[in-house]
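Keep in mind the model is a prediction, meaning the values are calculated, not measured. Because only heavy atoms are used, hydrogens play no part in the values below, and waters and symmetry mates are left out as well, while side chains stay in.
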Amino acid sequence: MSKTCPVTVFKVNTPAVITLDKLKQFAFQPIDELKTETKGVGWTSFDDMLDTAWSSSGPEYGEWLCFALRVDTRKIPAAVLKKHLAEAYKDELEKLQVEGKNFISRGRKKELKEQVQLRLLSQIQPAPMVVDLALDTSTGLLYASTVSNPLLETLTDYLKTSFDMEPEELALAGLEARSADLQEAYAVESFLSGIYGHSADVELDGHSFTVAEAGEVTLGQADGRSVTTKNEQDSVMAGLQAGLYFQKLKMTLVRADSGEQWTVTMDRGFRFPALKCPVVI
């Protein structure tokens, strides 16, 4: 609660299929001693990535299920692989030249590369990454602490493997039931520009919130180029008129009765690269 974290939101239609027994069945298994394995994936405790038996605490927190996906990867740095391959090819060529040959065949190069990769992999410790997950069992909303496409792909694949279900990532185009404006073809642009140009009052769970831009905008072009501006409304408006579009928008959400404030950055994919919650004392 004291730091910024990324968030991607999914909808799970059958939250009841995620159980402790299934989490244990598909729990993380270390690959430290499996020297040729490049990736290990599995569920673990929300509180302790080493607790794959949930011995210290279960995943149930009221109506929430909180658990984590651990992904360990063992990868050879490209520069290291290039160096060792060059050395292997040089040694091999010297041996061949003694026999009167001046080149290494394609098949032999492939063999040497595989040998070098296996040797280097055995010397590398896997690097762990953890995606924290919180599932609201009453609504089926699943919050994942990442916006990384490779990690999200691994997450959705492993949810399918473990629970035979496919979560739907929420996007603005899927929220038409909440607002008629979002049914338009320019739903994302309309939503982000609307928040940027005018603050909005939102009612949720009996509380009133004010949503407003927080002075930081990233505009982009179709070719992927982008520019970020801070507290430069005139520059933003000029960029939009020139054909740029919103890629990210930083916003604040303030609860009227308590003054609690959330700071969030939202991108065009309805992912949240940066979310900071109020400090809880």
Step-by-step side-chain contact (heavy atoms from CB on, under 4.5 Å) determination, I195 to M266
CA-CA 11 Å; I195 293 296; M266 193 182 86; over 6 Å; no

CG of L244 to CZ of F246, rounded to nearest 0.5 Å, is 10.5 Å

Are F26 and F28 close enough that their ring centres sit under 6.0 Å apart?
no

Could you tell me whether the side chain of T8 reaches within less than 4.5 Å of the side chain of L155, counting heavy atoms only?
no

Test: E168 and K11 ion pair at under 4.0 Å
no

With a 4.5 Å heavy-atom cut-off, do D164 and V17 have their side chains touching?
no

Mark yes when over 12 heavy atoms from residues, nucleotides or ligands other than K83 sit less than 6.0 Å from its NZ; otherwise mark no.
no

Is there a chain of hydrophobic side chains (I, L, V, M, F, W, Y, each step under 4.5 Å between heavy atoms) that links V7 to F10?
no

Checking T218 side chain against K248 main chain: does a donor-acceptor pair fall under 3.5 Å?
no

Salt bridge E169-R271, side-chain N to carboxylate O under 4.0 Å:
yes

Atom NZ of K160 with >12 non-hydrogen neighbours under 6.0 angstrom:
yes

Between C66 and A134 the two heavy atoms that sit nearest each other are SG-CB, 4.2 Å

To the nearest 0.5 Å, how far apart are OG1 in T14 and CD in E166?
10.5 Å

Charged N to carboxylate O under 4.0 angstrom, R108 versus E111?
yes

How close do I104 and K109 get, heavy atom to heavy atom, and via which atoms?
CG2-CG, 3.7 Å

Please tell me if the side chains of K35 and L121 come closer than 4.5 Å, counting only heavy atoms from C-beta onward.
no

When you group the ILVMFWY residues by side-chain heavy-atom contacts below 4.5 Å and let the links chain together, are L170 and L135 in the same group?
no

With rounding to the nearest 0.5 Å, note down the distance linking OG1 in T139 to CG in L142.
9.5 Å

Pairwise distance CH2(W43) to CD1(I18) - rounded to 0.5 angstrom
7.0 Å

Minimal non-hydrogen separation, A212 against S199, with atom names
CB-CB, 3.8 Å

State, yes or no, whether a side-chain contact exists between E60 and L65 at a heavy-atom distance under 4.5 Å.
yes

At what distance, to the nearest 0.5 angstrom, does CG of N13 lie from CE of M165?
9.0 Å

Minimum heavy-atom separation for D47 to S57, with atom names?
OD2-OG, 2.9 Å

How close do M49 and T44 get, heavy atom to heavy atom, and via which atoms?
O-OG1, 2.8 Å

Positive for side-chain contact (heavy atoms from CB on, under 4.5 Å) with Y196, one of K250, M251, M237
M237

Cluster overlap V131 with V147, hydrophobic side-chain contacts below 4.5 Å:
no

Please report the shortest heavy-atom distance between L219 and G239, naming the atom on each side.
CD1-CA, 4.2 Å

Flag the pair D257 and R255 as a salt bridge only when some basic side-chain nitrogen lies within less than 4.0 angstrom of an acidic carboxylate oxygen.
yes

Main chain of E63, side chain of T137: is a donor-acceptor contact present, judged purely on distance under 3.5 Å?
yes

Determine yes or no for a side-chain-to-main-chain donor-acceptor pair under 3.5 angstrom, with R74 supplying the side chain and I31 the backbone.
yes

Quick one: CH2 on W54 to CG on L23, what's the gap to the nearest 0.5 Å?
4.5 Å

Looking at side-chain heavy atoms only, is the closest gap between T252 and W262 below 4.5 Å?
no

For residues F67 and Y61: do they belong to one hydrophobic cluster (side chain heavy atoms under 4.5 Å, members Ile, Leu, Val, Met, Phe, Trp, Tyr)?
no

Going by ring-ring contact (aromatic ring centres under 6.0 Å, His included), name the residues that satisfy it together with Y245, two or more places apart in sequence or in a different chain.
none

Any side-chain heavy atom of L159 sitting closer than 4.5 Å to one from L69?
no

Kindly state whether the ring of W64 and the ring of F46 have centres lying under 6.0 angstrom apart.
no

Between H84 and R119, is any pair of side-chain heavy atoms under 4.5 Å apart?
yes

side-chain contact (heavy atoms from CB on, under 4.5 Å) for K75 and T38? Distances and angles first, verdict last.
CA-CA 7 Å; K75 185 177 180 180; T38 58; over 6 Å; no

Among the clusters formed by ILVMFWY side chains lying less than 4.5 Å apart, do I76 and Y89 turn up in the same one?
yes

May I ask you to test the F209-E260 pair for a side-chain heavy-atom distance under 4.5 Å?
no

Is the number of heavy atoms from other residues, nucleotides or ligands within 6.0 Å of CD (E94) greater than 12?
yes

